[in-house]
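Bear in mind the structure is a predicted one, so any value in this text is a computation, not a measurement. Side-chain atoms are counted along with the backbone in the values below, which use heavy atoms only and exclude waters and symmetry mates.
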Amino acid sequence: MLGVLKKIRRKRPSLRIIVSSATLDAAAFLDYFSSGNLPGEATVVSLEGRMYPVQIAHLEEPTPDYVLKAIEVVWSINLQQPPGDVLVFLTGREEIDRCLEGLAELLPTLPRGASKLKLHALHAGLPTDEQLAAFEPTERGFRKVIVSTNIAEIRTYNPTTALSSLSTIPVSQASAIQRAGRAGRTSNGICYRLYPESALNSLPLTTQPEITRTDLTTPILQLKSLGIDDLMKFEWVTGPPAESVLRALEGLVHAGMIGEDGRLTVVGEKVAECPVEVNIARMLFASKDYKCGEEILTIAAMTTVQDVFVIPEGSAGALAELERRKFTAEEGDHLTLLNAYNAFVRYGKSSSWCKSHALSFRALSRAVFIRTQLKKYMQRFGLPIESCQGDAKRLRQCLVSGYWRNGARWTADGTYRSVRGNTVLHVHPNSVLFTRKPRSGWVVFHEMEETKKTQIRILTEIEPDWLLEYGHKYHDKHRSATQY
């Protein structure tokens, strides 16, 4: 977008572009916008936020388990520091739950006279009322501990395997400085960094630019829809890897969205207008052939929201799992999400109904809004919104039209292997296919996630022949033969 704006400003010098961020590399952006322009046309303005003094504390030695260390530090703060709430940043829900469980186990040993701890989790998967509870005023005699997630995951694209995954990465120095400021919003505070001070200098200065680690299929499609066909001369803020550009162009040509002349086809022009990823857009257009537009529209909306099912820990989680099974489809997660959405609409989009059925009212309401927007695009392009009348085969074949690169086969050890790259994949515990083998032994999945192992999320069973029947091909750069 910034590259396009810079191009526009050359035609419209009166246009003012303001880029605001607490963590970006201001010097790099200044150089970018100054390049090719008159001196003084770009400048950096720093606005210091109002903040109380914040002390910084580091560990003396590295810790092998930062979640356990976080528990120890929180407990020490409560016993030794004056009144004040505690905010803990961890990378995801699993670590948040583990930290809260560890603190809860220590509560019975709290000395008399010490502040009582009020424990709160804060992440996107929680119901709205539980998220709001973290912001309620702290009662006298209590200390509030909020264990939250600050985005520590980035989407990384591997152009060789053509697969994207969510990976947990170290914090950047800029983000570490920004997070320390949270301790000084209302009074003097202390920021406890769970690593030695020497480790700070080894961290990257800023977060790696997304353009260098993402699938460029959608960005290139959008650039070409704006009439920017010469990608080599386009002024990128940060140049993308050449292989990522090549793989994206290759995929767009094979998908029929770019012609031999390098320009968008009629289908490519339409797909470029859809506010979803290219693979989802392909499914929407393919639904015309499989006569399942009603269902694919819902699935497309549901895959854009997170944590539809609310499964807490402990006995409550077991009950919530029983509720989820009411919506489970044996074919996999996409159809399970479809069942949950249809039930939500059928029962009046009720928040109380969601709560009693372990569903997130917030996520489903968001899906309803997204579906409404996507429906307008389908109507605009003349795509029929008809139902497959429960024909799961047609629906799954349509899913393959978009997820053809995300195919995987089951192996005897219970894991999967990706169709391209033969990567070892593990099913995410939230999947309905987590504990059972698909009858055909083949699945397509929505996304990968890198934790201690590579996990795949939102799976659906398919027939392997469908990958061939749909006619998709791709070429492995290391082989001369076409791979299917």
Side-chain angles (χ1 to χ4, degrees), residues 92-95 97 123-125 153 155 163-168 277 279-280 283 295-296 298-313 317-344 357-360 363-364 367 392 395-396 398-400 402-419 423-464 466:
R93 179 174 174 176
E94 291 181 7
E95 291 183 354
D97 291 341
H123 56 78
E153 290 180 329
R155 183 168 294 281
L163 294 174
S164 297
S165 63
L166 289 170
S167 306
T168 301
E277 294 181 358
N279 60 336
I280 302 296
M283 288 191 291
E295 291 80 8
I296 285 295
T298 299
I299 290 173
M302 289 292 280
T303 55
T304 62
V305 298
Q306 294 183 341
D307 299 310
V308 172
F309 294 98
V310 182
I311 311 294
E313 296 294 323
L319 293 174
E321 184 61 38
L322 290 175
E323 289 295 329
R324 185 174 73 161
R325 290 180 185 178
K326 295 178 181 178
F327 308 104
T328 297
E330 64 177 11
E331 292 87 357
D333 299 309
H334 291 91
L335 275 67
T336 298
L337 292 174
L338 174 65
N339 291 342
Y341 180 93
N342 289 340
F344 175 64
H357 288 80
L359 290 166
S360 169
L364 285 166
L395 189 54
R396 290 182 293 135
C398 189
L399 289 175
V400 172
Y403 289 122
W404 60 277
R405 291 194 300 183
N406 291 11
R409 56 183 173 82
W410 185 85
T411 59
D413 62 1
T415 63
Y416 287 79
R417 299 293 185 274
S418 60
V419 173
T423 304
V424 178
L425 306 172
H426 300 260
V427 179
H428 193 278
N430 289 345
S431 172
V432 301
L433 294 178
F434 179 62
T435 57
R436 66 184 180 87
K437 171 192 173 183
R439 179 187 52 79
S440 67
W442 288 77
V443 297
V444 288
F445 57 90
H446 179 67
E447 64 182 4
M448 291 198 312
E449 180 180 283
E450 295 280 355
T451 52
K452 293 180 181 178
K453 52 190 177 183
T454 304
Q455 297 180 323
I456 47 178
R457 299 170 61 96
I458 313 183
L459 291 71
T460 289
E461 177 186 341
I462 64 164
E463 297 295 334
W466 296 347

Heavy-atom check, side chain of [X] versus side chain of [Y], under 4.5 Å:
| X | Y | value |
| --- | --- | --- |
| Asp307 | Arg93 | yes |
| Gln455 | Pro429 | yes |
| Ile458 | Phe445 | no |
| Arg405 | Asn279 | no |
| Ser440 | Trp466 | no |
| Glu295 | Thr298 | no |

- [ ] Check the surroundings of atom CD in Glu321: do more than 12 heavy atoms from other residues, nucleotides or ligands lie under 6.0 Å from it?
- [x]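 Atom CD in Glu321 is crowded, with more than 12 foreign heavy atoms closer than 6.0 Å.
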Please round to the nearest 0.5 Å and tell me the distance separating atom [atom1] of [X] and atom [atom2] of [Y].
| X | Y | atom1 | atom2 | result |
| --- | --- | --- | --- | --- |
| His426 | Asp413 | NE2 | CG | 8.0 Å |
| Asn406 | Glu447 | CG | CD | 9.5 Å |
| Leu395 | Ile299 | CG | CD1 | 4.5 Å |
| Met302 | Asn339 | CE | CG | 9.5 Å |
| Glu323 | Thr328 | CD | OG1 | 11.0 Å |
| Arg457 | Gln306 | CZ | CD | 7.0 Å |

Where do [X] and [Y] come nearest, in terms of heavy atoms and distance?
| X | Y | answer |
| --- | --- | --- |
| Glu461 | Arg396 | O-NH1, 2.9 Å |
| Ala329 | Arg436 | O-NH2, 4.0 Å |
| Phe327 | Ala343 | CE2-CB, 3.6 Å |
| Ile296 | Met283 | CG2-O, 3.8 Å |
| Gly441 | Tyr416 | O-CE2, 4.5 Å |

- [ ] Please confirm whether the backbone N or O of Thr423 pairs with a side-chain atom of Ser418, one donor and one acceptor, at under 3.5 Å?
- [x]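 At least one qualifying donor-acceptor pair exists.
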Open item on the list: Apply side chain to side chain contact (heavy atoms under 4.5 Å, CB included) to residues Arg409 and Val419 and explain how you reach the verdict.
Closed with: CA-CA 7 Å; Arg409 56 183 173 82; Val419 173; over 6 Å; no
Task: Among Ile456, Leu459, Thr411, side-chain contact (heavy atoms from CB on, under 4.5 Å) partner for Leu425 - done: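 Checked Ile456, Leu459, Thr411 against Leu425; only one passes side-chain contact (heavy atoms from CB on, under 4.5 Å): Ile456.
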Open item on the list: Applying side chain to side chain contact (heavy atoms under 4.5 Å, CB included) to Asp333 and Ser431, what does each step give before you reach the verdict?
Closed with: CA-CA 6 Å; Asp333 299 309; Ser431 172; 2.7 Å; yes
TODO: Take Glu331 and Val432 through the test side chain to side chain contact (heavy atoms under 4.5 Å, CB included) and record every step on the way to the result.
DONE: CA-CA 9 Å; Glu331 292 87 357; Val432 301; over 6 Å; no
Task: Step-by-step side chain to side chain contact (heavy atoms under 4.5 Å, CB included) determination, Leu359 to Arg324 - done: CA-CA 8 Å; Leu359 290 166; Arg324 185 174 73 161; over 6 Å; no
- [ ] Please test Glu463 against Arg439 for salt bridge (Lys or Arg N to Asp or Glu O under 4.0 Å), starting from the C-alpha separation and ending with a verdict.
- [x] CA-CA 9 Å; Glu463 297 295 334; Arg439 179 187 52 79; 2.7 Å; yes
- [ ] Assert yes or no for the condition that the ring centre distance of Tyr403 to His446 is strictly below 6.0 Å.
- [x]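 Yes: the rings meet the under 6.0 Å criterion.
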